[in-house]
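As structure tokens, the structure follows; a few thoughts come after it.
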Protein chains: 4
Amino acid sequence: MRLHIEASNGIPIYEQICRQVKFAVANRALQVGEHVPSVREMAGQLAVNPNTVSRAYRDLQAAGVLIPIRGTGLAVTPEAPAKCKSERLDLIRDRLRLVLAEAHYNQITDDEIRQLVESELHRLNSDVTENSPLPVTTEEHA
Amino acid sequence: MRLHIEASNGIPIYEQICRQVKFAVANRALQVGEHVPSVREMAGQLAVNPNTVSRAYRDLQAAGVLIPIRGTGLAVTPEAPAKCKSERLDLIRDRLRLVLAEAHYNQITDDEIRQLVESELHRLNSDVTENSPLPVTTEEHA
Amino acid sequence: MRLHIEASNGIPIYEQICRQVKFAVANRALQVGEHVPSVREMAGQLAVNPNTVSRAYRDLQAAGVLIPIRGTGLAVTPEAPAKCKSERLDLIRDRLRLVLAEAHYNQITDDEIRQLVESELHRLNSDVTENSPLPVTTEEHA
Amino acid sequence: MRLHIEASNGIPIYEQICRQVKFAVANRALQVGEHVPSVREMAGQLAVNPNTVSRAYRDLQAAGVLIPIRGTGLAVTPEAPAKCKSERLDLIRDRLRLVLAEAHYNQITDDEIRQLVESELHRLNSDVTENSPLPVTTEEHA
DNA sequence: GTGGTCTAGACCACG
DNA sequence: GTGGTCTAGACCACC
């Protein structure tokens, strides 16, 4: 369970946690019945306030992804993998759609978009090999 | 000058206005010296708070895209087209980068991403022909 | 909009707020489109922390009862009355069920239960006329 | 001694145990001098943490309902039946009061409340005969 | 002015 | 040990 929080890409931390837990479940990095790191532990790892993690976990409970096991923590529900897998691409698609729509409605051609996508994919793949944990210095809006 | 505000796609309204004015300048839909609609008129068109338009125009002045003409309103500066053209793809790239990074760091494969992109591009193109809420291709651009 | 928070009846404050807003909508004490008191104002009235009110309002947004109007506050959605009316008795029923189940499974007879109910109803009605700690000023159309 | 724990009806498990032991004493299902099941046995039956049972028994000792018999376990005290009988309806009344108060202060009419009560009583009575999830009457007249 | 996010820390309930 | 609630207060973004 390694999460990658970006100190601000416009998405609130609690939601980044939320999304990434869902991705982890979809990817089987988190198995059914497995406990998610405790609020305090996760907060320590990410160097964020426990309340922030708590809120993310609360949202995940509301989404039926986590279930509280009294006194022991929060576990992945049996229904979670199905939910998360079906959501997996949607979570990305929804964000992508907004970006592409702006481009499209402002006369960026499909080919220009494809070129941007390829160049960014290339960049991400090189980052991985080089190491660069947080190369993106940009901000969504400020 | 038709702008397309989305009630909330995560980007503040004033910035949506700002970006779209820049795109319009880059696309020559707004010519040098041409006046931008007055704050009140634009606010009426978009059904947003005049303060919001005002803020966008302020930012555009700070960016050197607009310049106040005493008593008549705000006009596109001579330097604007160059600035806006060079920014054109960067504005999109910055947003795109954030989305792709999330996908990448969560085990979405490059091919899945490409597929999402293509399906969204297809969707956007059909929207235009089918119901065309925003007839971007309509004009002139010589 | 007078809410009656009980310092602790076992139900968290934010949920008491949540439930009572729903009741108010169901009772037409809160009309569609009407703004709910601001977080800070409500917090002042109830003498609770603004975050507590904020959480209640957040839950109400998630439930589709409130919708944020940028910069101006939170308004009752058009769908809210239907939702709240249909929930009105359910909210009570769910709590009631738990109490009655305990009684029933522990050999309290139906008649004893009815007697308790009547005596408590009587008590509540006299409270209102005698010292009325919470003079429900609402307006009952039906 | 069959107890009926509900995973979460808002009342902590230890208190559910506590209350139900009291009801059992009041109902003579538990006689003076009789031993209550051991912590481990009860914990096994209810599938709860032994600490939880332990806490319930501790509270019952504090209430003078149980008394430790060296080396053998916990027995019902001679004073218990009187105490429990007098508490019997109060335990229910206190919970009922909170529910009815909420209903009353939110414009639920007395008649609506009575109707809810009757429908829930009916429901409970049919449950017993139909599928009996909790066969309190134990023996099947079938 | 509005709500939203985040931090910090106290306290409680439960196991 | 776990999570949940609540308080307090800072800071931000938006209108």
Side-chain angles (χ1 to χ4, degrees), chain A residues 5 7-8 10-17 35-43 46-58 60-61 66-75 139-142, chain B residues 7-8 10-17 39 43 46-56, chain C residues 5 7-8 10-17 35-43 46-58 60-61 66-75, chain D residues 7-8 10-17 39 43 46-56:
Chain A
I5 300 306
S8 197
I11 301 185
I13 295 173
Y14 73 84
E15 195 177 333
Q16 293 187 47
I17 296 173
H35 273 55
V36 91
S38 82
V39 167
R40 292 159 172 86
E41 184 187 343
M42 175 74 86
L46 304 181
V48 301
N49 188 290
N51 281 337
T52 303
V53 178
S54 194
R55 163 138 187 212
Y57 283 1
R58 178 155 40 82
L60 286 165
Q61 287 177 62
L66 296 183
I67 190 170
I69 309 293
R70 314 259 298 218
T72 78
L74 298 163
E139 299 195 351
E140 185 118 305
H141 49 81
Chain B
S8 200
I11 300 187
I13 294 172
Y14 73 85
E15 194 175 336
Q16 292 187 49
I17 296 173
V39 166
L46 305 182
V48 302
N49 190 307
N51 284 336
T52 305
V53 178
S54 192
R55 157 118 194 226
Chain C
I5 300 306
S8 203
I11 301 185
I13 295 172
Y14 72 84
E15 195 177 333
Q16 292 186 48
I17 296 173
H35 274 55
V36 93
S38 80
V39 168
R40 292 158 172 87
E41 184 187 344
M42 175 74 85
L46 304 182
V48 302
N49 188 290
N51 282 336
T52 303
V53 178
S54 194
R55 163 134 188 216
Y57 283 0
R58 179 156 37 83
L60 286 165
Q61 287 178 61
L66 296 183
I67 190 170
I69 309 292
R70 315 258 297 219
T72 78
L74 297 163
Chain D
S8 199
I11 300 187
I13 295 172
Y14 74 86
E15 193 174 337
Q16 292 188 48
I17 296 172
V39 167
L46 305 181
V48 302
N49 189 306
N51 284 336
T52 305
V53 178
S54 192
R55 158 120 193 224

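Since this is a predicted model, take the numbers as computed values, not measurements. Every chain is numbered from 1 and lettered A, B, ... according to where its sequence line falls, protein lines coming before strand lines.
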Note to self: Suppose we screen for side chain to side chain contact (heavy atoms under 4.5 Å, CB included). Which residues come up paired with A:P37, at least two apart in sequence or across chains?
What the structure shows: A:M1, A:E41, A:M42, A:Y57
Next item on the list: Please list, chain by chain and in numerical order, all residues satisfying side chain to side chain contact (heavy atoms under 4.5 Å, CB included) with A:N49, sequence neighbours excluded.
Entry: A:N51, A:T52
Next item on the list: Report yes or no: does C:Q16 contribute a side-chain atom to a donor-acceptor pair with the main-chain N or O of C:I11 at less than 3.5 Å?
Entry: yes
Notebook entry, point to check: What residues, two or more places apart in sequence or in another chain, satisfy side-chain hydrogen bond (donor to acceptor under 3.5 Å, both in side chains) together with C:T72?
Noted result: C:H35
Next item on the list: Please identify each residue that fulfils side-chain hydrogen bond (donor to acceptor under 3.5 Å, both in side chains) with C:R58, with sequence neighbours left out.
Entry: none
[X] has an atom [atom1]; how far is it from atom [atom2] of [N], in whole Å?
{"X": "B:I17", "N": "F:dA13", "atom1": "CD1", "atom2": "P", "result": "17 Å"}
{"X": "A:Q16", "N": "E:dG4", "atom1": "CD", "atom2": "C1'", "result": "15 Å"}
{"X": "C:Y57", "N": "E:dT2", "atom1": "OH", "atom2": "P", "result": "11 Å"}
{"X": "C:E41", "N": "E:dG1", "atom1": "CD", "atom2": "P", "result": "12 Å"}
{"X": "A:R70", "N": "E:dC12", "atom1": "CZ", "atom2": "C1'", "result": "14 Å"}

Note to self: Could you tell me if the side chain of A:Q61 sits less than 4.5 Å from the side chain of A:I67, heavy atoms only?
What the structure shows: no
Checklist line | Any side-chain heavy-atom pair of A:V53 and A:I13 under 4.5 Å | finding: no
Notebook entry, point to check: Reading nucleotides 5-11 of chain F 5' to 3', which nucleotides get B (base under 4.0 Å from a protein heavy atom), which S (sugar-phosphate only), which -?
Noted result: SBBBB--
Next item on the list: Work out which heavy atom in D:P12 is nearest to a heavy atom in A:R70; give both atom names and the distance.
Entry: CA-NH2, 4.2 Å
Check: Just checking A:Q61: base, sugar-phosphate only, or nothing, at a heavy-atom cut-off of under 4.0 Å?
Finding: sugar-phosphate
Note to self: Counting Watson-Crick and G-U wobble pairs with both distances under 3.5 Å, what is the dot-bracket string for DNA chain F, 5' to 3', using [ ] for crossing pairs and | for pairs to another strand?
What the structure shows: ||||||||||||||.
Next item on the list: Between C:G71 and A:G71, just flag the one whose closest nucleotide in DNA chain E comes earlier from the 5' side.
Entry: C:G71
